[in-house]
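No experiment lies behind these values; they were computed from the predicted model shown.
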Amino acid sequence: MKLQIFESIKTGMLDICYIWRKEYVTVFRDFGALIFFFALPFAYPILYALIYNPEVVRDVPMVVVDNARTPLSRELCRNMDASPNAKIVSYCANMDEAKKMMYEKNCYGIMLIPEDFSKNLIRGEQSPVIFYSDMSILLNYKGFLIALTEVTMDLGSKLQVTALGGATPEQAKMAMSPIPYSSITLYNPESGFASFLIPAVLILVLQQSLILGIGLLAGGIYEHKKLHRYYSNREMMHNNIMHIVFGKAICYYSLYIVSTMYILHVVPWLFKYPQIGNQWEIYAFIAPFLLSSIFFGMTLSVFVRERETSFLLFVFTSLLFLFISGITWPRYAMPEIWKIIGAIIPSTWGIEGFVRMNTTGANISDVHDAFINLWILTGIYFITACLAYRYQIWKDKRRGFGGKIEENYQV
């Protein structure tokens, strides 16, 4: 009995290794698959990182309409221009001229200083400064808001000290800053756009390149009627569908070991993104993410009937998966239907766990929910992948390949 069990296990392992080796040959003979499995994961992260480098917007163009034309208004303008976030490119005579420059995209902000600006300040009254911002690019607005807030607060503090007359340095300091504050930006010291977005994109690149590559291979196998080569004329093997799924999955997983290390460690290191998590714990977390993505791709491959179909079905999903992951819009603010859809996509939990571990220094126990959900998705998509391949083989046999499925196959 024990000998039979041992022989059964041995035969099963040989079956899996046979599929593993055969899939390796298929991948390295397919130029398109090589592009998706190697070129895309190595090139896309660099491309995205270079687009957002430098990741902080500086010297955003703005214009000034100074109706006051006083020393105080000129000081306000000089301070705005000296700010790293804004740059005055022109002084306009009126609002019509300023609006024309904004419509022509020569500037993205207009600061309007009213005629009674200095007069009101000298009287001890408030004197508002009006700022118009082009909201089509929120990063520009953020730069203007920071610059304008800092400049007006600084000028207001100086006016308070001047009003005190013969105040001591301690009194002047108290008047300028009665409640001292310091702003500490956690986990993203530069407040950079890339430092918050690129880690999520890296995870999405891993998933989408796997799905596209697996879909491309499946489409080629179906298109050229080669599926029967995985299960026919193999009397020494078990011919179990799970062996095919396991063998293919091991092939794809082993191919992505180097790509994963490169994407999750080398790319953040090259571009100096926040990277404070334990790398070995991150790799342990990524294991179920890769497996669930592989089985997810194998499940979706049932819909691919030609190589080109992979592009039509899966390329457009990249943006959707990024939006529902919760990195660009919080999941708690999404409609319930999108929360459900996001929960069944491996990248949603992969992004949540990786960002928290890599950027904020969380350990694997801190992302327990995402880790468990990935293992649950791995199990679910393994079953659906087996069902998908059983269906494909059944259709393949109906087309006249490999004999009857009932005689050769088991799940």
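Counting non-hydrogen atoms of neighbouring residues, nucleotides and ligands closer than 6.0 angstrom, the CE atom of Met95 exceeds 12 such neighbours. In the displayed structure, Glu75 atom CD is contacted under 6.0 Å by more than 12 heavy atoms of other residues, nucleotides or ligands. The 12-atom threshold is exceeded at CD of Glu104, counting heavy atoms of other residues, nucleotides or ligands nearer than 6.0 Å. Within a 6.0 Å radius of NZ in Lys87, other residues, nucleotides and ligands contribute 12 heavy atoms or fewer. Other residues, nucleotides and ligands place more than 12 heavy atoms under 6.0 Å from the CH2 atom of Trp375.
Side-chain N or O atoms of Thr378 include one that pairs as donor or acceptor with a backbone N or O of Pro288 at under 3.5 Å. For Thr299 (side chain) and Ala385 (main-chain N/O), a donor-acceptor pair under 3.5 Å exists by modelled atom type. One N or O on the side chain of Asp81 and one on the backbone of Ile88 form a donor-acceptor pair closer than 3.5 Å. Using modelled atom types, no side-chain atom of Glu23 and backbone atom of Lys248 make a donor-acceptor pair closer than 3.5 Å. Judged by distance alone, the side chain of Trp349 and the main-chain N or O of Ala343 form a donor-acceptor pair under 3.5 Å. Checking side-chain atoms of Arg356 against main-chain N and O of Asp366 turns up a donor-acceptor pair under 3.5 Å. A donor-acceptor pair is defined here as one N or O able to donate and one able to accept, closer than 3.5 Å; such a pair exists between the side chain of Asn358 and the backbone of Pro274. A donor-acceptor pair under 3.5 Å is formed between the side chain of Asn120 and the backbone N or O of Asp116.
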Exercise for the section: Show the numbers, then the answer: is there a side-chain contact (heavy atoms from CB on, under 4.5 Å) between Val89 and Val63? Expected result: CA-CA 6 Å; Val89 295; Val63 297; 3.9 Å; yes
Problem - Verdict with reasoning, Leu290 to Leu210, per side-chain contact (heavy atoms from CB on, under 4.5 Å) - result: CA-CA 9 Å; Leu290 285 179; Leu210 269 169; 4.0 Å; yes
Exercise for the section: Using the side-chain contact (heavy atoms from CB on, under 4.5 Å) rule, take Gln207 and Ile345 through it: C-alpha gap first, then chi angles, then the decisive distance, then the call. Expected result: CA-CA 10 Å; Gln207 176 184 277; Ile345 307 300; 3.8 Å; yes
Handout entry: Trace of the side-chain contact (heavy atoms from CB on, under 4.5 Å) decision for Met80 with Val64
Key = CA-CA 10 Å; Met80 278 294 292; Val64 175; over 6 Å; no
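To the nearest 0.5 Å, atom OG of residue Ser325 and atom CE of residue Met334 are 6.5 Å apart. The line from OG of Ser127 to NZ of Lys119 is 10.5 Å long, rounded to the nearest 0.5 Å. Rounding to the nearest 0.5 Å places SG of Cys107 at 12.5 Å from NZ of Lys99. The distance from the OH atom of Tyr91 to the CZ atom of Arg74 is 9.5 Å, given to the nearest 0.5 Å. Annotation: the span from Ile110 atom CD1 to Met62 atom CE amounts to 9.5 Å, rounded to 0.5 Å. In this structure, CG on Leu264 lies 8.0 Å from CD on Gln279, to the nearest 0.5 angstrom.
At least one side-chain heavy atom of Tyr381 sits under 4.5 Å from a side-chain heavy atom of Ile344. Inter-residue side-chain proximity for Phe295 and Ile380 is flagged as unmet; no heavy-atom pair is nearer than 4.5 Å. Residues Gln275 and His265 have side chains in contact (heavy-atom distance under 4.5 Å, counting atoms from C-beta outward). At least one side-chain heavy atom of Ser293 sits less than 4.5 Å from a side-chain heavy atom of Phe289. Two residues are said to be in side-chain contact when any heavy atoms from C-beta on lie closer than 4.5 Å; Ser136 and Lys105 meet this criterion. With contacts defined as side-chain heavy-atom distances shorter than 4.5 Å, the pair Ile294/Tyr256 does not qualify. Between Leu34 and Phe28, the closest side-chain pair of non-hydrogen atoms falls below 4.5 Å. In this structure, the side chains of Asp369 and Glu352 stay at 4.5 Å or more apart for every pair of heavy atoms.
Ring-plane geometry between Tyr262 and Phe42 is classed as parallel, the angle between the planes falling under 30 degrees on a 0 to 90 degree scale with a further cut at 60. Aromatic ring pairs are classed by plane angle as parallel below 30°, tilted from 30° to 60° and perpendicular above 60°; the pair Tyr273 and Phe271 is parallel.
Of all non-hydrogen atoms in Cys251 and Ser254, the two that sit nearest each other are O-OG, 2.8 Å. Closest approach of Val129 to Leu112, counting heavy atoms only: CG1-O, 3.7 Å. The minimum heavy-atom distance linking Ile286 with Ile203 is given by the pair CD1-CD1, 3.8 Å. Contact between Val267 and Pro45 at its shortest, heavy atoms only, is CG2-CB, 3.8 Å. Nearest approach of Thr328 to Leu322, heavy atoms of both residues: OG1-O, 4.1 Å. Shortest non-hydrogen contact noted between Met298 and Ala388 is O-CB, 4.3 Å.
Taking the six-membered ring for Trp and the full ring otherwise, Tyr44 and Tyr48 have centroids separated by under 6.0 Å.
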